[in-house]
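Heads up: the structure comes next, in structure tokens.
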Amino acid sequence: MKAIVYHRYGAPDVVSLAEVPKPVPRDNEVLIRILATTVTTGDWRARSLKMPVGFGVLGRLVFGLFGPRQPILGTELAGIVEAVGRSVTRFSVGDAVFAFPGGALGSHAEYRTMPEDGMIAHKPANLSFEEAAALSFGGTTVLGPLRDTVRIKAGDRVLVVGASGGVGTAAVQIAKHLGADVTGVCSTANVALVRSIGASRVIDYTVEDFATCGDSWDIIVDTTGTAPFPRCERALRPGGRLVVILGSLAQVAGIGRPSKASGKHVIAGVPKILPEHLRTLAEMAEAGAYRPVIDRVYPLAHAAEAHAYVDTGRKRGNVILTVASR
């Protein structure tokens, strides 16, 4: 099968098209013919080893000390089940599905296997395969923290910093679905986009600083690593919570967190992701509450161009790779 591979860390030109063995499903696995996948910031980090402050050594431990342990990038996919293992009961040949291998990667290819009880779900009928491929990375990154950890409730005022990215556009829509009044922070070019996906107010950071504008929120979601607690403290209401989606090792370790006396909290760390989260995201999509934003679409063979675009840090929502024809 064809796949995009890389054998050393570096710039977008380290990825190239190659022929690799086609996987064979085990008894509990399904074989998916991939129709679409994405190039995410997760792929960018795995390819370049550009990590948040303090995570450099950990990055090599995760992805490979001297070179990539997994030569095929790609955290998420959508496609058609082509074959099933003999013990599989939840999926059948011909089913349209989406899946989230996450850190296991392997989606920038024509085929991938997934365990039937793993991070795989039936594709929402109202989404294209390109949209379904982009459901998981942003959606699973914020669903657990917003719904289960901070427990957004109707009427909460939520600020999303980086509201136009793949994770940010998911955060805006999921917070809105949970009943929040959402404010998004983005650049001038993305104000209309962020408003269109559910933000009741949009702050253009090139004109106004949310931290000093005099307003305040119950929950601030930082998807960019630019809003540490000292900057956000005045913008958090009493009892307010800062959700750090992208932060430094110091933030994850609890350095610089507020005192107990302040009544404010910082939630950081890697969220736990479960198969149930994919099914919830699919239900939200079917109900029209969550639709991934697609910026650009590239054919698989042009993956290096897609990576180069993601490297600019200016993508709006998600960047798609189309893998096979319908």
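Just so it is clear, the values below take in all heavy atoms, side chains as well, and ignore hydrogens, waters and symmetry mates.
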Euclidean distance, [Y] [atom2] relative to [X] [atom1], rounded to 0.5 Å:
X      : Y      : atom1 : atom2 : value
Leu105 : Gln70  : CG    : CD    : 5.5 Å
Asn28  : Arg86  : CG    : CZ    : 11.5 Å
Leu49  : Arg8   : CG    : CZ    : 12.5 Å
Ser48  : Asp311 : OG    : CG    : 6.5 Å
Asp204 : Asp209 : CG    : CG    : 11.5 Å
Leu159 : Ser216 : CG    : OG    : 10.5 Å

Are any non-hydrogen side-chain atoms of [X] and [Y] less than 4.5 angstrom apart?
X      : Y      : value
Val84  : Val81  : yes
Val150 : Ile267 : yes
Thr140 : Pro271 : no
Val30  : Asp95  : no
His277 : Asp148 : yes
Met114 : Glu29  : no

task: Determine, stepwise, if the pair Leu242 / His265 fulfils side chain to side chain contact (heavy atoms under 4.5 Å, CB included).
output: CA-CA 6 Å; Leu242 168 63; His265 305 275; over 6 Å; no
message: Quick one, Lys264 with Glu233, criterion salt bridge (Lys or Arg N to Asp or Glu O under 4.0 Å). Give me CA distance, side-chain angles, the key distance, then yes/no.
response: CA-CA 8 Å; Lys264 299 175 182 180; Glu233 185 170 10; 5.1 Å; no
Checking the side chain of [X] only, and the main-chain atoms of [Y] only, is there a donor and an acceptor separated by less than 3.5 Å?
X      : Y      : answer
Ser200 : Val182 : yes
Arg47  : Gly10  : yes
Tyr9   : Gly64  : yes
Thr41  : Trp44  : no
Arg45  : Lys50  : yes
Asn318 : Val293 : yes

What are the two closest non-hydrogen atoms of [X] and [Y], and how far apart are they?
X      : Y      : result
Val93  : Ala83  : CG2-CA, 4.0 Å
Pro23  : Leu31  : O-CD1, 3.6 Å
Ile152 : Ala175 : CD1-CB, 4.0 Å
Tyr6   : Ala46  : OH-O, 3.0 Å

message: Going by the rule side-chain hydrogen bond (donor to acceptor under 3.5 Å, both in side chains), which residues pair with Lys22 if we only count those two or more places apart in sequence or in a different chain?
response: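 Only Glu82 meet the side-chain hydrogen bond (donor to acceptor under 3.5 Å, both in side chains) criterion with Lys22.
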query: Distance only, no hydrogens: is a donor on one side chain within 3.5 Å (strictly under) of an acceptor on the other, for Ser187 and Thr206?
result: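 Side chains of Ser187 and Thr206: no pair found under 3.5 Å.
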- prompt: When you check the side-chain N and O atoms of Thr224 and Asp222, is any donor under 3.5 Å from an acceptor?
  reply: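 On atom types as modelled, these side chains qualify, holding a pair under 3.5 Å.
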query: With sequence neighbours left out, what residues match His122 under ring pair (Phe, Tyr, Trp, His ring centres under 6.0 Å)?
result: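 Result, ring pair (Phe, Tyr, Trp, His ring centres under 6.0 Å) vs His122: Phe91.
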field: Stacked cation flag Arg296 on Tyr309, 6.0 angstrom / 45 deg
entry: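 Pair Arg296/Tyr309 counts as cation-pi.
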With sequence neighbours left out, what residues match [X] under side-chain contact (heavy atoms from CB on, under 4.5 Å)?
X      : answer
Ala11  : Asp13
Thr280 : Leu143, Arg147, Glu276, Met284
Ala235 : Phe210, Trp217, Ile220
Pro124 : Phe98, Asn126, Leu127, Leu135, Ala282, Ala285, Glu286

- request: Among residues two or more places apart or on two chains, list those pairs meeting salt bridge (charged side-chain N to carboxylate O under 4.0 Å, His left out) that have a residue in residues 114-124.
  value: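 Pairs touching residues 114-124 that pass the test: none.
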- request: Return each pair, listed once, that meets side-chain hydrogen bond (donor to acceptor under 3.5 Å, both in side chains) where at least one residue sits in residues 152-172; pairs must be two or more places apart or across chains.
  value: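 Applying side-chain hydrogen bond (donor to acceptor under 3.5 Å, both in side chains) to every pair that reaches into residues 152-172, excluding sequence neighbours, yields Lys153-Asp156, Arg157-Asp215, Ser164-Asn190.
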Only distances under 3.5 Å count here; give the side-chain donor-acceptor pairs of residues 71-79 to other protein atoms, sequence neighbours excluded, each with its distance to 0.1 Å.
residue, atom, partner, partner atom, Å
Glu76, OE1, Ser136, N, 3.1
Glu76, OE1, Phe137, N, 2.8
Glu76, OE2, Thr38, OG1, 2.7

query: Is it true that Arg291 and Glu131 have a side-chain N and a carboxylate O under 4.0 angstrom from each other?
result: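 Salt bridge present between Arg291 and Glu131.
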Cluster companions of Val297 among Ile, Leu, Val, Met, Phe, Trp, Tyr (side-chain spacing under 4.5 Å):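 Besides Val297, the hydrophobic cluster comprises Ile294, Ile320, listed by chain and residue number.
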- prompt: For Leu274, which fellow cluster members are found when Ile, Leu, Val, Met, Phe, Trp and Tyr are connected by side-chain heavy-atom distances below 4.5 angstrom, either directly or through intermediates?
  reply: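 Grouped by the 4.5 Å side-chain rule, Leu274 forms a cluster of one, so the answer is none.
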message: Just to verify, what does Glu208 make a salt bridge (Lys or Arg N to Asp or Glu O under 4.0 Å) with, not counting sequence neighbours?
response: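 Testing Glu208 for salt bridge (Lys or Arg N to Asp or Glu O under 4.0 Å), a comparison that skips the adjacent residues, returns Arg201.
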field: Verdict with reasoning, Glu19 to Lys2, per salt bridge (Lys or Arg N to Asp or Glu O under 4.0 Å)
entry: CA-CA 5 Å; Glu19 287 286 338; Lys2 292 181 174 62; 3.6 Å; yes
